[in-house]
Amino acid sequence: MASTPQPAKKSYFFGKGYRDVGNTIKGAWKRNFDSISGFKEKIEDAKLIGGKKAVFLIILNVLAMLSVLVFGSIITAVVSLLNIAILLLVMIFIYICFSIIWLADRIYLMRNKIFTACHECKEKSLIPTYICPKCGARHTNLTPGVYGILKRTCIGEDPNSYCGELLPTTFFNGRRNLEAICPHCSTPLSDRESVPICIPIVGGRSVGKTAFITAFSKEFFDELAPAKSWETEFYNAAKEEIYRKIESAYKSGITIMTPRPKDLNKASSESFSFFVKGPHFKPERLVHVYDIAGEIFTDSTEHEMQKQYEYCHGIVFMIDPFSIPYVRNRCEEKLSPEDRAGIGNAEISGIVDSFLNKLREVTGLSDKKMSSVPLAVVLGKIDSADLAEEIGDSAVKKAMLQFPDKFTDYYDTEDYLCRQFLKENGMESFLNGIDLKFKDNRFFSCTAIGHSMGKGEYNPQGVMAPMEWLFTKADKKMALDWNDIKFNKKPLRIKESTD
């Protein structure tokens, strides 16, 4: 119901209708008083005649003038009130219809948690700016309103021309099919009023974020979606090109470093975005997986607000275990030269502090409110230096076999072992900080590549579990369809001993 001027013709009942009724009433009263003036002129003419005829004419016109003054005014007032009453009834009906349709449109968007998340500037908006297909005029508030209830007539932005194109104003009559742009940066959008699922992947440089996204995307498109009978579609041609690079990297066993543009006007985080369609997904889901350059968490020259934190549905925090001094010291000799070269050198707690500061800065939320965001802490690269024997699949199964009464759930056991690993390697303060800041957190281990970089095709393990946990928390319909793992609400905590 915003009042921002639009390049559209106002509905008759929200503009011209009022003026027409006002002019009609003014005209009726003017004609009434013009009649009185006419009788006055006849009286003056009768005075010039003289005699009995003049007296008769004067009396006749005075009576007529009084009749018009009294009865004419009453009739004009009644007709005027009748006009106003009819207009009010029509307007009340129109306003009720308008309000119902506007409310239905708004409830649909909010109930389905539909909003627009720009893949470029990351700004959030309820609906984007829609473009007239005929003249290119920008409609910033294409909803039922004073410019039209179900459709509005575009007049164009050029005052010397008139467009006349009819544009749909609601979700149910075709608005989603119009070309759209971001209201903040004018980037072309293809959201189609879908339900977004936004997951940032954060962590320092070289911790394995891009490899994680590569492994997840390939498994999602090639294995998960076909198995669930989901249909996938790339957001646009640029996102399809990203996937072609993912396929190439996956096949060759490499990763492409996430670039941090020198151009301050360009985003320092890149999203891989795609639609997911299925019987339960009406409207369709739009997945945004954000790959954020590691320097964002270590440099003090940040130029961009990471707006995706404001509306994200969950966060993956990647940890390179070999960036932990204790782990590196005892395992470095077991690492290949390629693995040693790829160790993240940023201090983990510092990255967490930087991440929390940015989260607080963007959202404006208190620590208590920020803690409601689900956080998946993922320890990667476990294929190296036999870490899988400590926190990987074999370690989980061994613990469940040795302590069957305590470890009854695979992913609770994995969470426990990851926490224990971090605690034993000097990261207890980090663990306490995570538990303090994020009430809904879970720890996972994985290997995205499955071997040293460049040694053949990816062989990922453990990549899908943290994403399933976050996806199913973000979307109830997704939880119904992607139902491979039954996660307990609260995993076994590290304070519980296995002695």
Side-chain angles (χ1 to χ4, degrees), residues 200-209 211-212 292 294 296-298 314-335 339-340 342-359 367 370-371 373-396 399 407 411-448 462 465-466 469 490-499:
I201 314 297
V202 304
R205 191 172 180 84
S206 300
V207 297
K209 300 186 302 296
F212 181 88
I292 303 170
I296 296 300
F297 304 100
T298 55
I315 298 168
V316 174
F317 188 87
M318 296 291 301
I319 293 178
D320 179 354
F322 301 107
S323 65
I324 301 171
Y326 287 110
V327 179
R328 181 166 185 165
N329 288 340
R330 68 182 176 84
C331 296
E332 191 165 11
E333 291 184 357
K334 299 180 182 179
L335 297 175
D339 291 335
R340 282 197 294 270
I343 294 176
N345 55 15
E347 199 269 321
I348 296 174
S349 296
I351 293 172
V352 171
D353 291 340
S354 176
F355 161 57
L356 290 172
N357 288 335
K358 291 180 190 302
L359 190 62
D367 286 347
M370 284 194 303
S371 71
V373 179
L375 181 72
V377 182
V378 180
L379 282 70
K381 305 183 181 181
I382 63 169
D383 59 279
S384 301
D386 299 325
L387 280 191
E389 300 300 320
E390 299 181 55
I391 53 177
D393 178 69
S394 58
V396 171
F407 296 121
Y411 290 96
D412 285 355
T413 306
E414 180 183 48
D415 176 271
Y416 178 93
L417 292 179
C418 288
R419 292 172 187 272
Q420 188 68 35
F421 173 84
L422 291 170
K423 181 181 180 181
E424 291 174 351
N425 286 282
M427 300 298 294
E428 188 168 7
S429 62
F430 165 77
L431 288 170
N432 294 334
I434 291 295
D435 283 334
L436 180 65
K437 299 296 184 181
F438 296 92
K439 65 181 181 183
D440 195 6
N441 67 78
R442 185 177 274 272
F443 285 67
F444 299 86
S445 64
C446 83
T447 170
W469 182 65
K490 286 191 175 182
L492 189 68
R493 289 311 187 195
I494 198 166
K495 64 183 179 181
E496 300 183 38
S497 175
T498 59
D499 293 338

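Everything numeric in this text was worked out from a predicted model, so none of it was measured.
- Salt bridge Lys381/Asp320: present, at least one basic N to carboxylate O contact under 4.0 Å.
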- [ ] Walk me through it: do Arg442 and Asp412 pass the test salt bridge (Lys or Arg N to Asp or Glu O under 4.0 Å)?
- [x] CA-CA 9 Å; Arg442 185 177 274 272; Asp412 285 355; 3.1 Å; yes
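- To the nearest 0.5 Å, atoms CD (Glu424) and OH (Tyr326) are separated by 12.5 Å.
- The shortest non-hydrogen separation linking Val373 to Gly314 is CG1-CA, 4.2 Å.
- A heavy-atom distance below 4.5 Å is not found between the side chains of Thr447 and Leu387.
- One distance of note links CG of Leu431 with SG of Cys418; it measures 10.0 Å at 0.5 Å rounding.
- For the atom pair SG of Cys331 and CD1 of Ile343, the computed distance is 9.5 Å after rounding to the nearest 0.5 Å.
- From Leu379, atom CG reaches atom CZ of Arg419 across 11.0 Å, with rounding to the nearest 0.5 Å.
- Residue Pro491 comes nearest to Asn441 through the heavy atom pair CG-O, 4.4 Å, listed as atom of the first residue, atom of the second, then distance.
- For Asn432, the side-chain contact (heavy atoms from CB on, under 4.5 Å) test picks out Glu428, with sequence neighbours left out.
- In this structure, the side chains of Val207 and Ser323 stay at 4.5 Å or more apart for every pair of heavy atoms.
- The two residues Phe322 and Val327 make their nearest non-hydrogen contact at CD2-CG1, 3.9 Å.
- Here the CG-CD1 distance, from Asp393 to Ile382, works out to 8.0 Å after rounding to the nearest 0.5 Å.
- Ring orientation note: the planes of Phe444 and Trp469 are tilted relative to one another, at an angle of 30° to 60°.
- At distances below 3.5 Å, at least one donor-acceptor pair connects side-chain atoms of Glu414 with backbone N or O atoms of Ser445.
- Rounding to the nearest 0.5 Å places CD of Gln420 at 12.5 Å from OG1 of Thr413.
- When every heavy atom of Arg340 is checked against every heavy atom of Glu333, the shortest pair comes out as NH1-O, 4.5 Å.
- Screening Leu375, Val378, Val377 for a side chain to side chain contact (heavy atoms under 4.5 Å, CB included) with Phe443, the sole residue that qualifies is Val377.
- Checked against side-chain hydrogen bond (donor to acceptor under 3.5 Å, both in side chains), Asp440 has the following partners two or more places apart in sequence or in another chain: Lys473.
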- [ ] Could you walk me through whether Arg330 and Glu390 pass salt bridge (Lys or Arg N to Asp or Glu O under 4.0 Å), step by step?
- [x] CA-CA 13 Å; Arg330 68 182 176 84; Glu390 299 181 55; 2.9 Å; yes
Open item on the list: side-chain contact (heavy atoms from CB on, under 4.5 Å), that's the test. Do Phe430 and Ile319 meet it? Break it down for me.
Closed with: CA-CA 11 Å; Phe430 165 77; Ile319 293 178; 3.4 Å; yes
